[in-house]
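All figures in this text were calculated on a predicted structure; none of them were measured in a lab. Labels below follow one simple rule: chain letters A, B, ... track the order of the sequence lines, proteins then strands, and each chain is numbered from 1.
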Amino acid sequence: MSDYTPVPNFIRNIIAEDLKNNKNDGQVITRFPPEPNGYLHIGHAKSICLNFTLAAENNGRCHLRFDDTNPSKEDVEYTDSIQRDVKWLGFDWGEHLYYASDYFEQLYEYAETLIKEGKAYVCDLSAEEIREYRGTLTQPGKNSPYRERTVDENLDLFRRMRAGEFPDGSRVLRAKIDMSSPNLNMRDPVIYRILRATHHRTGDEWCIYPMYDYAHPLSDALEMITHSICTLEFEDHRPLYDWFLEQLPVPSNPQQIEFARLNLTYTVMSKRKLLQLVEGGFVAGWDDPRMPTIAGLRRLGYTPESIRDFCERIGVAKSNSTVDIALLEHCLREDLNKRAPRKMAVLRPLKVVIENYPEDQVEELEAINNPEDPSMGTRKIPFSKVIYIEEDDFREDPPRKFYRLAPGREVRLRYGYFIKCTDVIKDENGEIIELRCTYDPETRGGSAPDGRRVKATLHWVSASHAHPAEVRLYDHLFTTEDPGAEEDFKSCLNPDSLEVLTSCLVEPSLKGAALESKYQFERQGYFCLDPDSTAEKLVFNRTVSLRDTWAKIQKKLKK
RNA sequence: UGGGGCGUAGCCAAGUGGUAAGGCACGGGACUUUGACUCCCGCAUGCGUUGGUUCGAAUCCAACCGCCCCAGCCA
């Protein structure tokens, strides 16, 4: 149905080559392996899209596997939110939902196998001692004094570790590899630690837990994963990943491939920093519309389609990069432009009385729901003597290139009439509080039979029919492109990232707005109903503004 | 000073020896009952640098430079 051609990237190339060589019997099985210790963000979306798309393109499948090997940081709140977010993005793991904790028994048995073959040993060194023995980047490490324990002793000790005979942190199981390896990961890495923490799935069944480096390759192999895609920082771990697969009788031989994680301008992406924002109260929660989390983007009004399109457009490579958030916003506008019904909403109302319009008359004017899609039909909008227009659409002393309403000037009210400003009414402080205009009855619908033209078309609402609403205007969370580079990233939080407008007026048809449905408020941007809405009070979030040439011109004029 | 990676436009990114795709951003124009959308035009004699191989190099070789990651009983 579409002419969609995937953009080549190095991982697609590797898979194409593997398929050509009939590697893995032509199978492509990937996995998305989050640790349930936080909410998913747009960076995870890149990985999710990559893994699920690669599998789908090759008639394979993608597993969702929780990498839950550290119970001290994990929680079901996160396994729940992660599943919700992956589904919302539009991906389906089918029957293939797994947990590393499902493999704890098998992983334990593999560990005994390593011990029996003299490839792992129980080490009694303290954490600090292990660090000292590990050496440095430039100096080799030295062997642990416990490195040469007998198989029987190791087996006995390891079983007693599992049985809970030793206190937390007193001993670990280590792989016996090479303390002089230039790759620190190969210097007898810890593969099991004693940790008494209640696991969100296995409860108190275990007091020893496997480390990521050990559990990950084996979990992949047990699931018959063919391509295990992870981020760049794990490149150094690949030799260890392969080492475990070589040493143990695993059912398959997955290949680890690393790509560059996503960075976006004007935001932070590390789970640690996002956690700080939530816990420090700098945002309202993981789903605060300013957060780069999937939950936050969803609440802001992003569509899954736009995020998927974005993830495809940014490409996949191995160089560290920071994508301009303007690209994300572009993908959103492109999607919403095609689909969002148009509405009229006045954010900062300015009263306009049309003096020559009959006092009690109300007309129903026909408006197009979406000029990009005629099948979306039309609707009626009430028009009457008193209306509101946008404050910004009137200037008493119009600057150069301002062609909206001004004294004596004529403009069009969208789908309505041409009006001309005849008088400006101010309060005692000199603030403009009302405009007096006249309308031309011949211009109903918005065009003049005499062919005369106006430069501007304004949106408006009828005073007696409009519905009150609150509108939340969001902007980037940070004022600098790379807040992560700052001493304290919180120092460049944008004080204007949220502006709440409480006296907005929206057209009556918005009264029945549904949660998560998107609208374009004409000439302003895309908006969606926020869950904070009540029957009394509608609350809309501005997802993204429309491109604004006038704003650009103003900026230029100021210079 | 060890090891692993990466350098193509302001930001992403394709390119795998035959003469620099595409997108975003930016600038100009057309159209316009959204200053939106859409459309058109422009935007790297150049691929980190310097040498070399070749009829021909972003692609191969060498040296150098710059940036990122690694010393958790985190993932």
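Nucleic acid contact for A:Thr138: base, since at least one base atom lies under 4.0 Å from a heavy atom of the residue. Using a 4.0 Å heavy-atom cutoff across all strands shown, A:Arg171 reaches no nucleic acid atom at all. At the heavy-atom level, A:His216 lies nowhere under 4.0 Å from the strands shown. Among the heavy atoms of the strands lying under 4.0 Å from A:Arg131 are primed sugar atoms or P, OP1, OP2 only; no base atom is included. As judged by a 4.0 angstrom heavy-atom cut-off over every strand, A:Val316 is placed among residues touching the sugar-phosphate backbone only. Heavy atoms of A:Val172 sit under 4.0 angstrom from at least one base atom. Among the protein residues, A:Ser181 comes within range of no part of the nucleic acid, since none of its heavy atoms lies under 4.0 Å from any strand. Residue contacts for A:Tyr403: at a heavy-atom cut-off of 4.0 Å it reaches a base atom on one of the strands shown. At the heavy-atom level, A:Ile553 lies under 4.0 Å from base atoms of the strands shown. Contact annotation for A:Arg174: no contact, since no heavy-atom pair falls under 4.0 Å across all strands. Using a 4.0 Å heavy-atom cutoff across all strands shown, A:Leu262 reaches no nucleic acid atom at all. Looking at heavy-atom distances under 4.0 Å, A:Pro34 makes no contact with the nucleic acid at all. If you check every strand for non-hydrogen atoms under 4.0 Å, A:Phe234 touches a base. Within the nucleic acid shown, A:Ile194 has no heavy atom closer than 4.0 Å to any nucleic acid atom.
Between A:Leu546 atom CG and B:rG35 atom P there is a gap of 9 Å when expressed in whole angstrom units. Distance CD (A:Glu312) to P (B:rC24): 15 Å, rounded to an integer number of Å. Note: CD (A:Glu481) to C1' (B:rA25) measures 11 Å, nearest angstrom. At whole-Å resolution of the value, CG in A:Asp213 and P in B:rC74 are 11 Å apart. Separating the OH atom of A:Tyr214 from the P atom of B:rC74 is a distance of 17 Å, rounded to the nearest angstrom.
Distance from the side chain of A:Ala127 is smallest for B:rC73 among the nucleotides B:rG35, B:rA75, B:rC73. The side chain of A:Lys552 approaches B:rC26 more closely than any other nucleotide in the set B:rC74, B:rC26, B:rU1. With distances taken from any side-chain atom of A:Phe402 to the nucleotides B:rA75, B:rG35, B:rG72, the minimum falls on B:rG35. Listed nucleotides B:rC74, B:rA36, B:rG2 differ in distance to A:Thr549; the shortest reach to its side chain belongs to B:rA36. If you check B:rA71, B:rA36, B:rC74 against the side chain of A:Glu372, the one that comes closest is B:rA36.
Just one residue in the list A:Tyr214, A:Tyr209, A:Tyr110 forms a ring pair (Phe, Tyr, Trp, His ring centres under 6.0 Å) with A:Tyr192, and that residue is A:Tyr214.
On a pure distance criterion of 3.5 Å, a polar donor-acceptor pair joins the side chain of A:Asp236 and the base of B:rG3. For A:Gln520 against B:rU34, a side-chain-to-base donor-acceptor contact under 3.5 Å is present.
Taking the side chain as every heavy atom from C-beta outward, A:Phe418 and A:Ser447 never approach each other to under 4.5 Å. Looking at A:Asp309 and A:Asp335, their side chains never come closer than 4.5 Å, going by heavy atoms from C-beta outward.
Under the stacking criterion of a centre-to-centre distance below 5.5 angstrom and an interplanar angle below 30°, A:Trp550 sits stacked against the six-membered ring of B:rG35.
Base orientation of B:rG72: syn, since the glycosidic angle falls within 90° of 0.
Cation-pi contact between A:Lys518 and A:Tyr526: absent, since separation from the ring centre below 6.0 Å together with deviation from the ring axis within 45° is not met. Stacking of A:Arg149 on the aromatic ring of A:Tyr121 is not recorded, the 6.0 Å distance cut-off and the 45° axial limit not both being met.
A salt bridge is absent between A:Asp168 and A:Arg193: the closest approach of a Lys/Arg side-chain nitrogen to an acidic carboxylate oxygen does not fall below 4.0 angstrom. Between A:Arg339 and A:Glu372, no side-chain nitrogen of the basic residue sits less than 4.0 Å from a carboxylate oxygen of the acidic one, so the salt-bridge criterion is not met.
Along RNA chain B, the nucleotide closest to A:Phe521 and the one closest to A:Arg333 are compared, and the more 5′ of them pairs with A:Arg333. The residue among A:Pro8 and A:Arg238 whose nearest nucleotide of RNA chain B lies closer to the 5′ end is A:Arg238.
Taking 4.0 angstrom as the limit, A:Thr457 places none of its side-chain polar atoms (N or O) nearer than this to OP1 or OP2 of B:rU32. In this model, the phosphate group of B:rU34 is not approached by any side-chain N or O of A:His459 to a distance below 4.0 Å at OP1 or OP2. Contact between the side-chain N/O atoms of A:Arg193 and the OP1/OP2 oxygens of B:rC74 is found at a separation under 4.0 Å. Within the 4.0 Å cut-off from OP1 or OP2 of B:rG15, at least one side-chain nitrogen or oxygen of A:Asn13 is found. Neither OP1 nor OP2 of B:rG35 sits under 4.0 Å from any side-chain N or O of A:Arg547.
In summary, the side chains of A:Glu223 and A:His63 do present a donor paired with an acceptor at a separation below 3.5 Å, with no hydrogens or angles considered.
Consecutive Watson-Crick or G-U pairing (both distances under 3.5 Å) extending over three or more pairs maps onto RNA chain B as B:2-7 with B:65-70, B:10-12 with B:22-24, B:26-30 with B:38-42, B:48-52 with B:60-64.
In terms of modelled atom types and a separation under 3.5 Å, the side chain of A:Asn154 and the main chain of A:Val122 share a donor-acceptor contact.
The aromatic ring centres of A:Phe234 and A:His216 sit 6.0 Å or more apart.
Within 6.0 Å of CZ in A:Arg379 there are more than 12 heavy atoms belonging to other residues, nucleotides or ligands.
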Using a cutoff of under 3.5 Å, can you pull out all pairs of nitrogen or oxygen atoms linking the protein to nucleotides 10-12 of chain B, with atom names and distances?
unit_1, atom_1, unit_2, atom_2, d
B:rC11, O3', A:Thr322, O, 3.1
B:rC11, O2', A:Thr322, O, 2.8
B:rC11, O2', A:Asp324, N, 3.4
B:rC12, OP1, A:Thr322, N, 2.9
B:rC12, O5', A:Thr322, O, 3.3
B:rC12, O2', A:Ile314, O, 2.8

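Between A:Phe158 and A:Tyr108, the ring planes are parallel. Angles under 30° get that label, and only those over 60° would be called perpendicular.
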